[in-house]
Amino acid sequence: MRMFQNGFVKTGVGLIFVGTVFSFISWQLLNNSPLIALSTGTIVLGVVSIGLGNTVPKLSPETSLVFLEAGMDNITSIIEELGLKSKAIYIPSGMNNGFPKALIPLFSDNSHPLNLRNIENRFLALLDKSTNNYGIMVATPGSMAVKSLEPTTITDEIALEESLRSILIGNLDLASRVLCVQSDGRITIELSGVIMETTPHPAYETLGSPVTSICAAIAAEVLHSPVSLVSEEQDGKDISIELLISSIK
């Protein structure tokens with residue numbers, strides 16, 4: 001990535017130099033207005049090229065993916081070691097001391113109720129003392145995406161679909177189209193033109209893919225309520241996500 005960045009800068013400097021020399025010759029020796037305009041345009045292109053060089057990310061997508069998969073491997077090891085089979089429940093920052101996380105309960109059936117109102121802010125959280133039900137609290141790609149955004153970006157003053165569209169398309173540039181339907185405590189999110197390509201990972205069965213994790217974390221933040229992952233289906237660059245708004249007991 002540094003090579004591309006330096007390439008833009010070198011090209012820009014070269015264009016500015018050539019344009020400046022050519023502009024001087026066209027003005028002083030040839031007195032040709034079209035050539036002066038052409039050389040001025042060359043200088044402008046050089047400035048634009050330098051600007052493009054400064055916008056190239058210093059960390060390549062491939063490097064970012066290496067760090068992401070390393071973190072997912074560690075989470076997978078913990079999930080497998082504890083024998084967790086439940087889908088993740090995304091907890092908004094307001095319920096976890098200002099930091100959004102995902103909760104993976106040991107049990108999530110009706111015989112093991114979840115106390116989501118007073119969740120312990122620790123890695124191994126006690127969810128119900130009577131049934132000895134525990135869960136683990138982990139940071140996810142969604143947690144980091146929500147945390148990195150400005151506080152005013154995620155607000156309940158606009159609809160969930162508008163928030164998803166603003167963040168996924170406007171801020172993160174992850175998709176080209178977002179549709180969201182909310183009914184009877186369920187949320188269905190349809191994404192088109194998703195540009196983030198990730199290889200299947202065991203942790204995604206519990207947490208969802210990185211894009212799904214971001215959607216779930218945003219939904220929890222906007223609705224101020226825990227949101228659990230129900231299903232995720234991917235077809236090429238299209239992703240269909242179903243979430244469930246969890247009741248707080």
Side-chain angles (χ1 to χ4, degrees), residues 64-65 67-109 112-128 133-149 154 160 163-164 167-168 172 174 185-189 191 196 198 200-234 239 241-249:
S64 302
L65 186 59
F67 289 117
L68 173 62
E69 291 186 347
M72 291 295 102
D73 286 341
N74 290 329
I75 294 178
T76 299
S77 299
I78 296 172
I79 292 174
E80 292 177 345
E81 188 69 22
L82 296 177
L84 303 177
K85 302 295 183 181
S86 306
K87 294 287 188 179
I89 302 174
Y90 284 81
I91 307 298
S93 59
M95 297 178 59
N96 192 51
N97 294 334
F99 192 87
K101 285 188 177 182
L103 169 69
I104 309 174
L106 181 61
F107 304 105
S108 60
D109 51 73
H112 297 82
L114 304 179
N115 181 12
L116 301 179
R117 185 174 297 277
N118 299 308
I119 304 176
E120 297 176 304
N121 187 24
R122 52 187 300 180
F123 173 71
L124 188 61
L126 178 62
L127 302 178
D128 187 71
N133 190 13
Y134 285 84
I136 61 172
M137 297 277 285
V138 295
T140 67
S143 304
M144 306 315 298
V146 169
K147 192 66 178 178
S148 65
L149 295 171
I154 299 179
L160 175 58
S163 297
L164 289 168
I167 296 169
L168 295 176
L172 302 179
L174 286 177
R186 287 184 175 268
I187 305 170
T188 301
I189 302 173
L191 305 178
M196 187 174 185
T198 55
H201 196 282
Y204 298 166
E205 292 294 324
T206 299
L207 298 171
S209 66
V211 176
T212 296
S213 174
I214 293 172
C215 290
I218 293 172
E221 284 294 307
V222 172
L223 300 176
H224 302 290
S225 175
V227 172
S228 59
L229 175 63
V230 178
S231 65
E232 172 188 7
E233 296 181 1
Q234 185 167 358
I239 298 180
I241 305 165
E242 187 173 356
L243 307 172
L244 178 66
I245 302 175
S246 302
S247 59
I248 302 177
K249 298 180 179 180

Do you know which two heavy atoms are closest between Val227 and Leu243, and how far apart they sit?
CG1-CB, 3.5 Å
Any residue meeting side chain to side chain donor-acceptor pair (under 3.5 Å) with Ser93, in chain and number order, not counting sequence neighbours:
Glu221
Take Leu229 and Leu207 through the side chain to side chain contact (heavy atoms under 4.5 Å, CB included) test and state the conclusion after the steps.
CA-CA 7 Å; Leu229 175 63; Leu207 298 171; over 6 Å; no
Working to the nearest 0.5 angstrom, can you tell me the gap between Leu223 CG and Ile187 CD1?
5.0 Å
Is any side-chain heavy atom of Ile89 closer than 4.5 Å to a side-chain heavy atom of Leu244?
no
Side chain to side chain donor-acceptor pair (under 3.5 Å) involving Glu242 - partner list, sequence neighbours excluded:
Arg186
About how many Å separate CG of Leu168 and CG of Leu174, when rounded to the nearest 0.5 Å?
6.0 Å
Work out which heavy atom in Ser225 is nearest to a heavy atom in Ser246; give both atom names and the distance.
OG-O, 3.3 Å
Shortest non-hydrogen contact between Cys215 and Leu191, atoms and distance
SG-CD1, 3.8 Å
Answer yes or no: are there more than 12 heavy-atom neighbours, outside Tyr134 itself, under 6.0 Å from its atom OH?
no
Shortest non-hydrogen contact from Ala217 toward Ser143:
CB-N, 4.3 Å
Can you find a heavy atom in the side chain of Ile91 that is under 4.5 Å from one in the side chain of Phe99?
no
From Tyr90 atom OH to Thr212 atom OG1, the distance as rounded to the nearest 0.5 Å
8.0 Å
As an exercise, state the distance from CE of Met137 to CG of Leu124, rounded to the nearest 0.5 Å.
11.0 Å
So, for Ser86 and Thr206, which heavy atoms are closest and what is the spacing to 0.1 Å?
O-CG2, 3.3 Å
Sequence neighbours excluded, which residues qualify as side-chain contact (heavy atoms from CB on, under 4.5 Å) partners of Gln234?
Ile239
Taking every heavy atom of Pro105 against every heavy atom of Lys87, the minimum-distance pair comes out as CD-O, 4.0 Å
